[in-house]
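Structure record follows, encoded as structure tokens.
These figures come from a predicted structure and were not determined experimentally.
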Amino acid sequence: MSALDGVRARLALLFSRTHSDARFSEEIAFHIEMETARLQRDDGLDAGEARRRALVAFGGVEHHKESLRDGRGLRWLGGLSLDFKLGVRMLVKYPGLTLVGGLAFAFAVWVAAASFEFVGQVLSPRLPLPDADRIVALETWDAAAGRAEPRVLHDFATWRAELTSVTELGAYALAERNLITTDGASRPAEVAEISASGFRVAPERPLLGRALSDADERPGAPAVAVIGYGVWQGRFRGDPNVIGRVVQLGRTATTVVGVMPESFAFPVAQSLWVPLRLSPLDYPRGEGPALRLFGRLAPGATLSQAQTELTTWGRRAASDFPVTHQHLRPRVMPYAESVALLDGSDLFAARSSYAFFLMLVVLVCGNVALLVFARAATRERELVVRHALGASRARIVAQLFAEALVLCGVAAAVGLGLAGFGVRLLVRAIETNMGQQLPFWFHDDLSPWTVCYAVGLTVLGAAVTGVLPGLKVTRGIESRLRQAAAGAGGLTFGGIWTAVIVAQIAVTLGFPVVAFSVAREAADIRDMLADFPAAEFLSASIALDREPPSGADTSLAAFVTRRQATVRELERRLLAEPGVVGVTLAERLPRMDHPPRRIEVDSGGAAPENPSFPGGYRTSSAAVDADYFDVLGAPLLAGRAFNTGDLAPDARAVIVNASFVRLVLGGRNAIGRHVRDRYGARGPRSGDAEPGPWHEIVGVVPDLGMSRATDPKVAGVYHPLAVERDGPLHVAVHVRGGDAAAFEPRLRTIAAAVDPTLRLAAVARMDTLSDPGIAFSMFWVRLVSVVSAVAMLLSLAGIYAVMSFTVARRTREIGIRVALGASRRRVVTAVFTRPLAQVGLGVVAGGVLTVIVNDGIDHPSADVLLGALGYAVLMLGVCLLACIVPTQRALRIEPTEALRTDG
């Protein structure tokens with residue numbers, strides 16, 4: 001029999017142990033019956049005596065059974081199964097430890113598994129496509145500028161004809177277009193202008209109709225579109241006869257030729273696809289629209305071979321076209337890596353989160369290990385007796401490990417369930433708050449890798465919470481057996497456990513600081529709503545396609561002129577609507593994220609600059625229409641409003657808010673003072689060497705919800721809005737006497753009538769307005785608050801349990817002290833000294849960490865430190881409560897009774 005056959009046979013015996021034991025018992029009974037019958041027949045004995053002699057001759061039945069089990073070689077597993085049963089009994093016998101320890105570990109697995117799943121999808125994306133590892137992206141890297149060069153139309157045409165290591169090479173350009181259906185409804189849609197090869201690289205059978213074909217890319221081909229499942233359901237109500245319907249996409253009448261299934265969103269997260277029709281003849285080399293390229297590695301080709309081919313081509317292009325290709329380096333990479341969601345510090349933070357959450361798991365395990373050790377200490381007599389009966393130290397440690405594994409396993413199952421819910425919540429929150437879908441390869445369920453990760457954490461947790469206390473308990477167990485026999489001894493917390501307690505207190509002190517800080521920020525954001533009837537305002541972002549009417553000028557200047565005329569026409573038609581009493585435009589509206597700037601004030605400001613941000617006063621800024629404050633009903637506090645003269649190129653008028661006067665000018669008169677951008681209009685990283693021009697402050701207005709998402713109390717400066725400028729633009733419509741939200745359909749109808757390429761997005765009543773940055777901050781506030789609250793509660797419960805146990809274990813000592821005449825005050829002082837010292841040391845260490853963390857916050861404040869101090873006092877109170885109860889109980893008992901306790 002081979003070794004493999006032996007293992008297979010032993011495993012079969014192991015998992016059919018009950019059956020094999022029954023067969024062995026039957027065999028033994030058969031032999032005994034046979035021997036009994038022979039003795040009756042040959043020796044003439046009666047039945048009872050014959051059976052007795054047969055049993056004596058056979059030997060110990062149970063001994064033979066144990067020998068059989070030993071022969072299987074896996075007896076230890078049978079013992080382990082018994083340990084698991086004991087572990088389940090321990091969960092029931094110690095409900096307090098089960099509840100506190102189980103919740104703590106479930107919390108740790110929940111946070112760690114959810115972060116592992118989501119961060120893993122960000123850092124190591126996996127495409128849900130056939131042969132996904134052979135789908136690649138090609139890009140051209142500008143080594144001189146340090147960025148990708150997307151204007152690669154000529155290179156794309158050449159690569160498509162010449163590359164042999166990449167097939168199905170295609171390109172796409174992302175755009176947003178107004179989709180106007182036959183009922184006149186107009187909504188912006190995420191559009192991918194894409195090569196037909198994209199539907200071969202990401203093969204998916206359409207639900208209805210067909211996908212794009214190569215013929216659709218030819219010049220002069222009819223305008224066609226393939227729509228996604230969401231568009232089909234949302235805009236066409238799932239109409240099965242949608243194929244052949246003609247809709248308006250921007251200015252172009254387009255025929256719907258296919259509907260893709262819900263799972264299809266290639267290349268990133270698109271819901272509408274039109275053919276990419278570009279010719280290199282229409283653009284000089286190095287010019288043209290921004291493109292992203294994709295393809296599939298040819299059969300047998302590798303990524304490195306494709307890179308070699310591209311590198312060779314790049315060297316030849318640099319020689320042939322030195323003006324445009326001297327610094328360009330073509331490269332190929334896995335497709336998903338080309339769509340980076342994070343970069344720079346965000347990428348580092350995402351990677352560091354693994355270490356952070358692993359540290360959290362270890363911290364929680366330390367807390368649970370303390371509880372398990374306390375429970376093991378109460379079972380000291382049981383463990384000592386087991387050792388005296390022959391159980392080895394390894395056997396006892398294995399028992400404690402198995403019990404801990406049961407606790408951690410149950411908790412991990414709960415934590416995994418919560419992690420699946422947490423990932424779904426996180427994905428939805430990001431898509432809702434950020435206003436855009438994640439790439440199609442993101443999913444909201446747990447992958448097998450995450451389950452394996454959680455299993456690994458469970459085993460690690462069981463090792464920390466079971467093995468470490470087991471080693472501590474079984475150390476010197478022989479001597480404790482003698483001490484126990486003499487009525488002395490007992491387990492005590494050593495230096496390592498003291499360090500664990502101190503570290504736990506120090507780390508958990510940081511949670512309330514974070515929670516208090518973000519909660520205060522949330523309150524500030526809620527208070528940002530300006531003092532005006534926001535519910536009567538409907539707001540929307542507006543944008544205009546660069547696509548001009550047929551035959552019109554395609555230059556940038558012509559587009560700017562067209563945009564100005566379109567926006568003013570929209571404003572005029574809105575003002576003509578019944579119920580509309582005001583319309584204004586702005587770069588940013590109240591409660592939106594306003595970009596910060598560093599400014600300086602003539603002759604210096606009156607308030608000191610923030611040392612955390614050297615190089616000028618940090619302010620928010622926005623460009624607003626001349627009637628902005630009048631339409632919002634914000635009365636001027638001083639000076640005047642903007643007028644048409646302020647739009648002149650050489651005019652330099654600004655209006656500041658009340659916070660600016662208070663924080664920058666120290667309450668002094670602002671009218672006539674001058675301010676300028678410290679680093680120019682584009683910021684310190686734009687390369688501007690000179691500061692911007694001086695601007696005169698002509699007015700002061702109340703605070704109108706102007707802030708950054710992370711700094712609600714920053715001062716603000718308003719510039720006059722020139723509509724012809726490039727950049728974001730928002731409209732606010734004041735609808736008096738009704739629900740402003742009800743005006744949305746009319747607003748969309750008017751916008752489509754003004755220009756079918758005029759897109760409205762983020763249409764919302766201003767009292768519900770939520771900038772993506774602010775909304776995500778609020779989501780983060782809630783998440784951090786919940787995590788911090790749970791961490792604090794579990795920490796306090798753990799500290800209470802450990803402190804209570806520590807004092808309770810000194811009952812015998814207290815009794816002896818009282819018997820020897822020690823005063824109650826002296827006894828209480830001696831009892832309280834060690835726990836208070838541990839908590840005090842942890843609070844001091846946590847205080848140092850708090851100061852360090854708080855110094856890194858933009859606006860260090862005393863109330864945050866006050867919150868940390870309050871939590872420290874609460875923790876001391878919990879410690880005192882944990883000590884008082886068992887101490888009072890110990891002081892009430894008679895010394896003789898204390899001497900009889902287990903210690």
Treating [X] as the side-chain partner and [Y] as the backbone partner, does any N or O pair qualify as donor plus acceptor under 3.5 Å?
X	Y	answer
Arg296	Val201	yes
Ser338	Tyr335	yes
Asn178	Gly250	no

Out of curiosity, [X] [atom1] to [Y] [atom2], how far, rounded to the nearest 0.5 Å?
X	Y	atom1	atom2	result
Leu278	Ser195	CG	OG	8.5 Å
Thr757	Glu176	OG1	CD	12.0 Å
Leu291	Leu276	CG	CG	6.0 Å
Tyr453	Leu460	OH	CG	9.5 Å
Glu190	Leu272	CD	CG	10.0 Å
Leu208	Ile227	CG	CD1	8.5 Å

I'd like to check the salt bridge (charged side-chain N to carboxylate O under 4.0 Å, His left out) partners of Arg147; sequence neighbours left out, ordered by chain and number.
Glu149
Minimum-distance pair of heavy atoms, taken over all atoms of [X] and [Y]:
X	Y	value
Ala211	Asp216	O-OD2, 4.5 Å
Pro267	Ile194	CD-CD1, 4.1 Å
Pro206	Pro261	CA-CD, 4.2 Å
Pro280	Ala157	CG-CB, 3.7 Å
Trp110	Gly422	NE1-CA, 4.2 Å
Ala112	Leu457	CB-CD1, 3.6 Å

Can you find a heavy atom in the side chain of [X] that is under 4.5 Å from one in the side chain of [Y]?
X	Y	result
Tyr229	Phe264	no
Val256	Trp232	no
Arg218	Pro275	no
Val226	Met260	yes
Val109	Val414	no
Ser197	Thr167	no
Phe105	Thr458	yes
Pro188	Leu760	no

With sequence neighbours left out, which residue pairs that include part of residues 276-309 fulfil the ring-ring contact (aromatic ring centres under 6.0 Å, His included) condition?
Phe266-Phe294
What pairs meet the ring-ring contact (aromatic ring centres under 6.0 Å, His included) rule with one or both residues in residues 148-180, with sequence neighbours excluded?
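Qualifying pairs: Trp159-Trp313.
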Taking everything shown except Arg316 itself, do over 12 heavy atoms lie less than 6.0 Å from its CZ?
yes
Start with the C-alpha gap between Val274 and Val224, add the side-chain angles, then the distance that decides, and say whether side-chain contact (heavy atoms from CB on, under 4.5 Å) holds.
CA-CA 6 Å; Val274 297; Val224 296; over 6 Å; no
Suppose we screen for side-chain hydrogen bond (donor to acceptor under 3.5 Å, both in side chains). Which residues come up paired with [X], at least two apart in sequence or across chains?
X	result
Asp131	none
Ser165	Glu309
His443	Asp445
Asp444	none

Take Asp155 and His325, measure what side chain to side chain donor-acceptor pair (under 3.5 Å) needs, and give me the verdict at the end.
CA-CA 10 Å; Asp155 297 344; His325 286 67; 2.9 Å; yes
Please identify each residue that fulfils side-chain contact (heavy atoms from CB on, under 4.5 Å) with [X], with sequence neighbours left out.
X	answer
Gln305	Ala301, Thr302
Pro130	Pro203
Arg235	Leu179, Thr181, Ala185, Arg187, Val231
Val406	Phe84, Val88, Leu91

May I ask you to say whether [X] pairs ionically with [Y], meaning some side-chain N is under 4.0 Å from a carboxylate O?
X	Y	result
Arg251	Asp755	yes
Glu287	Arg151	yes
Arg292	Glu139	no
Arg329	Asp142	no

Under 3.5 Å, is there a donor-acceptor pair between the Gln248 and Thr252 side chains?
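The criterion, which ignores hydrogens and geometry beyond distance, is not satisfied for Thr252 and Gln248.
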Pair Glu117, Thr450: side-chain N/O donor-acceptor within cut-off below 3.5 Å
yes
Hey, mind stepping through Leu174 and Val191 against side-chain contact (heavy atoms from CB on, under 4.5 Å) and telling me if it holds?
CA-CA 6 Å; Leu174 302 181; Val191 177; over 6 Å; no
Quick one: does NZ or CZ of Arg285 land under 6.0 Å from the six-membered ring centre of Phe321, within 45 degrees of the ring axis?
yes
Which side chain to side chain donor-acceptor pair (under 3.5 Å) pairs, counting each pair once, include a residue from residues 253-280, with sequence neighbours left out?
none
Decide side-chain contact (heavy atoms from CB on, under 4.5 Å) for Arg748 and Val763; before the verdict, give the C-alpha distance in whole Å, the side-chain angles of both, and the deciding distance to 0.1 Å.
CA-CA 9 Å; Arg748 291 188 179 278; Val763 181; 3.4 Å; yes
